[in-house]
Amino acid sequence: MPEKGRIIAVTGKGGTGKTLVSTLFIRFLSEQDTPLAIDADPASSLPAALGVEVRQTIGDLREEVARPSAIPFDESMPTDLMLERRIGDLLVNTPDFSLLVMGRSEGPGCYCLINDILRHAIDRFSRRFSKVVIDCEAGLEHLSRRTMRDVDTLIVISDPTMRGIKTAGVIREIAEKLEISFGKIYLILNKADQGEKAFFEERIREIGVELIGVVPEDPNVKAFDRVGKPLIDLPDDSPAVLAVGEIMERLGLI
Ligand SMILES: Nc1ncnc2c1ncn2[C@@H]1O[C@H](COP(=O)(O)OP(=O)(O)O)[C@@H](O)[C@H]1O
Ligand SMILES: [Mg+2]
């Protein structure tokens with residue numbers, strides 16, 4: 001049985017704050033252990049938020065494997081083991097966390113078999129980590145294609161708009177249709193104040209998602225993003241850091 005809350009996926013429509021929240025989850029989790037961060041958004045802004053550079057992605061590896069002639073297959077090693085080792089090579093390791101970037105989605109051609117093999121390899125590989133945080137795109141593509149294993153905790157980020165909340169409802173429906181086994185689904189209202197919380201609370205309940213907390217508009221986030229400073233280095237007393245810390249306590253993650 002997977003450890004409770006071991007795999008956490010963060011999703012929501014573009015610009016709602018998925019990368020900020022994923023980054024702060026990694027920051028708090030790294031105080032206890034070395035979590036695995038997975039950037040599953042093709043827009044890929046997690047590396048910059050974590051302050052690291054990534055040279056190769058799963059997408060690059062997939063392209064390489066799609067041309068079997070280009071890869072020196074070691075006949076003595078099973079393909080899945082070989083891929084697990086290659087995924088290990090893609091990993092960016094820091095003392096605080098490890099990062100894997102999914103990268104571009106596939107080009108034309110059939111990748112079903114490759115994705116299937118990759119999925120198993122990522123699955124096995126991620127078991128080495130006590131916590132995995134996935135910064136997803138809104139469409140849940142990696143989840144729907146089962147590039148990712150089942151998720152224990154799905155966090156949907158929304159801004160305080162009716163459109164954002166409706167998207168959260170659609171994401172819940174997609175998750176149910178895909179029959180992804182979610183332990184639990186929660187909503188974080190980002191860039192919102194207490195008045196907006198009160199206004200949206202009932203509407204969030206109506207879409208069948210539990211509101212786990214509110215993250216306020218944080219001037220430090222804007223200031224850091226303006227000059228491209230990694231968000232993982234936000235001050236301890238920054239409003240977003242404090243709010244995400246409280247949410248993680250509520251989730252029993254710290
Ligand atoms: N709580 C917040 N306070 C201030 N700015 C925020 C906050 N959350 C996100 N932002 C800003 O909103 C934009 C989108 O955030 P980001 O985390 O990149 O969203 P996503 O990953 O969902 O596209 C960024 O410019 C970021 O600086
Ligand atoms: Mg993002």
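When a ligand or atom number is given, it counts from 1 through the structure's own listing order.
Contact annotation: Ser22 places no N, O or S atom under 2.8 Å from the Mg ion (ligand 2).
Counting only heavy atoms of the protein, atom 18 (O) of ligand 1 lies nearest to Thr19 CB, 4.0 Å. If you check which protein heavy atom lies closest to atom 3 (N) of ligand 1, you get Asp218 N, 2.8 Å. The protein heavy-atom contact nearest to atom 5 (N) of ligand 1 is Val221 CG1, 3.6 Å. Here the heavy atom of the protein found nearest to atom 15 (O) of ligand 1 is Gly17 CA, 3.8 Å. Among all non-hydrogen protein atoms, the one lying nearest atom 26 (C) of ligand 1 is Asp225 OD2, 3.0 Å. Nearest protein heavy-atom contact of atom 23 (O) of ligand 1 is Gly15 N, 2.8 Å.
In terms of polar-atom proximity, defined here as any N/O pair under 3.5 Å, Lys18 does make such a contact with ligand 1. Of the N or O atoms in Gly14, none lie within a sub-3.5 Å distance of an N or O in ligand 1. For a threshold of 3.5 Å applied to N or O pairs, the pair formed by Leu20 and ligand 1 contains at least one separation below that value.
A donor-acceptor pair shorter than 3.5 Å can be found between the side chains of Ser98 and Asn93. For the residue pair Asp135/Thr19, the side-chain donor-acceptor check at 3.5 Å is satisfied.
Of the candidates Thr34, Leu36, Asp33, Asp33 is the only one forming a side-chain contact (heavy atoms from CB on, under 4.5 Å) with Ser130.
Contact annotation: for Asn190 versus ligand 1, heavy atoms closer than 4.0 Å belong to the side chain alone. Under 4.0 angstrom from ligand 1, the non-hydrogen atoms of Pro216 all belong to its backbone.
Residues Lys18 and Asp41 meet the side-chain proximity criterion, which asks for heavy atoms closer than 4.5 Å. Side-chain contact between Ser22 and Leu46 is present, with heavy atoms from C-beta onward closer than 4.5 Å. Using a 4.5 Å cut-off on side-chain heavy atoms (C-beta onward), Asp236 and Arg27 make contact.
For the atom pair CG of Leu50 and CG of Asp96, the computed distance is 10.0 Å after rounding to the nearest 0.5 Å. Residue Lys13 holds its NZ atom at 5.0 Å from CZ of Arg163, rounded to the nearest 0.5 Å.
Listed for the Arg203 side chain is no donor-acceptor partner under 3.5 Å among the backbone atoms of Lys166.
With distances taken over non-hydrogen atoms, the option nearest atom 13 (C) of ligand 1 out of Glu137, Glu217, Lys191 is Lys191.
For Ser45, the closest heavy-atom approach to ligand 1 does not fall below 4.0 Å.
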